[in-house]
Amino acid sequence: GNTGLTACTQDCAGTWGGSSLPGTSCDDGDPFTSNDTWDGDCNCSGTPMAVDCMGVPGGNALPGTPCDDGDQFTMDDTWDGDCNCFGTLAAVDCMGIPGGNATPGSPCDDGDPNTGDDAWTTNCACAGLPLDCYGTAGGEAFIDNCGNCVGGDTGLQADPDSDSDALLDCEDNCATAFNPSQADFDQDGVGDACDNCVWLPNTDQTDLNGNGIGDACEFATGIGELSGIGGLSIHPNPAREQVFIECHLSEARTIAIYNMLGAIMVHVSVAERRVSLEGYPVGIYSVIALNAEGRPLAHARLIRQ
């Protein structure tokens, strides 16, 4: 009665026609084995797993892998072949910190406000370079004889003498004009060579109208009134080396120039309009036009700078 029927067999798991056959995978229920398979006697067994350095079967704590030896003074800790966790002793920096960044050559603060570019030395001493007068660490700027910070990064030269008169600018009462004699008629601290009002003190050199004549002189002497008064025309006024005097009075024959003491300095014909002031002291002079009898016809003031 069984003719034509296929005979069935049980597999290793006891299942008729099942797939749990010898050589196929199974689970032996042992957490410490791997690659479990059915053997020819339908026994499920696996290969015992290796235990790592932490005692974990199949774990990753294997020789050569990182670990922590618990020592703060070591670094690069790893498991050795005997599953001992060891590290390399870490160097202590200049601050006493293992593996720290305070190493020779690195920045630090020596606490001195007069130094800069502070750094750790090879002996782990924090030291900086002295600051020069310009504030540059290790710079070459210095204070010159005029009390100025020069040289180094300042771009300034020491002890300048701009007018080459052998006097330092800080000592020269007129640093822009050659004046080795340091003449200063009005004693205002501004040398005659560059004073816009030589005969009256005007330290600030104020010149509101920008005509080159200091206000102290212009307002005190009435420069604006000196040209064309009483038929006399004087220019330039103030003057330095020479002056041109024109008289527009037909009766005038001569021109006389007197100093403030009343002494006559020059007496020329009205036709001789150009008068040299060379040798005249700085000051205010009276210019008078005279007729043929020597009587005054017109009067004006001349200022010699």
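- Nearest approach of P160 to D144, heavy atoms of both residues: CD-OD2, 4.1 Å.
- The local environment of CD in Q157 is sparse, with at most 12 non-hydrogen atoms from other residues, nucleotides or ligands closer than 6.0 Å.
- Donor-acceptor pairing under 3.5 Å is recorded for the side chains of N202 and N196.
- Listed by first and then second residue, the salt bridge (charged side-chain N to carboxylate O under 4.0 Å, His left out) pairs involving residues 273-296 are E246-R273 (not counting sequence neighbours).
- Counting only residues at least two apart or on different chains, the ring pair (Phe, Tyr, Trp, His ring centres under 6.0 Å) pairs with a member in residues 264-291 are Y280-Y285.
- Applying the side-chain hydrogen bond (donor to acceptor under 3.5 Å, both in side chains) test to pairs two or more places apart or on separate chains, those with a residue in residues 21-32 are D28-T33.
- Using a distance-only test at 3.5 Å, with no hydrogens or angles considered, no donor-acceptor pair links the side chain of N291 to the main chain of E251.
- In plain terms, the two heavy atoms of T47 and D36 that are nearest each other are N-OD1, 4.5 Å.
- By the 4.5 Å side-chain criterion applied to Ile, Leu, Val, Met, Phe, Trp and Tyr, F32 is assigned to no cluster and stands alone.
- Listed by chain and number, the residues in a side chain to side chain contact (heavy atoms under 4.5 Å, CB included) with A252 are C247, L249, V270, A289, L297 (sequence neighbours excluded).
- Side-chain contact of S162 with D169: a donor-acceptor pair under 3.5 Å is present, judged by distance alone.
- Closest of all the heavy-atom pairs between S106 and N101 is OG-O, 3.3 Å.
- SG distance check for C12 and C44: not under 2.5 Å.
- L168 meets the side chain to side chain contact (heavy atoms under 4.5 Å, CB included) test with N145, C146, D159, C170, E171; sequence neighbours excluded.
- With sequence neighbours left out, the side chain to side chain contact (heavy atoms under 4.5 Å, CB included) criterion links D80 to D82, N84, F86.
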Exercise. Walk me through it: do N148 and T154 pass the test side-chain contact (heavy atoms from CB on, under 4.5 Å)?
Key: CA-CA 10 Å; N148 299 317; T154 66; over 6 Å; no
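- V51 shares a hydrophobic cluster with no other residue; no ILVMFWY side chain has heavy atoms under 4.5 Å from its own.
- The side chain to side chain contact (heavy atoms under 4.5 Å, CB included) with L277 is formed by just one residue from the set R304, R240, E241; it is R304.
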Exercise. Please step through disulfide (SG to SG under 2.5 Å) for the pair C85 and C53, ending with a clear verdict.
Key: CA-CA 9 Å; C85 184; C53 292; over 6 Å; no
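- Membership of the apolar cluster around M95 extends to I97, W120, as traced through chained side-chain contacts below 4.5 Å between ILVMFWY residues.
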Only distances under 3.5 Å count here; give the side-chain donor-acceptor pairs of residues 130-142 to other protein atoms, sequence neighbours excluded, each with its distance to 0.1 Å.
| unit_1 | atom_1 | unit_2 | atom_2 | d |
| --- | --- | --- | --- | --- |
| D132 | OD1 | Y134 | N | 3.0 |
| D132 | OD1 | G135 | N | 3.0 |
| D132 | OD1 | T136 | N | 2.8 |
| D132 | OD2 | E140 | N | 3.3 |
| D132 | OD2 | A141 | N | 3.0 |
| T136 | OG1 | D153 | OD2 | 3.1 |

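- Looking only at distances, a side-chain donor or acceptor of D11 sits under 3.5 Å from a matching main-chain atom of S20.
- Residue pairs satisfying the disulfide bond (SG atoms under 2.5 Å apart) criterion with at least one member in residues 269-305, sequence neighbours excluded, are absent.
- Rounding to the nearest 0.5 Å places CD1 of I288 at 9.5 Å from CD1 of I255.
- Contact of the N179 side chain with the D163 side chain is registered, since non-hydrogen atoms from C-beta on lie closer than 4.5 Å.
- T206 pairs by the side chain to side chain contact (heavy atoms under 4.5 Å, CB included) definition with D204, L208, D215, not counting sequence neighbours.
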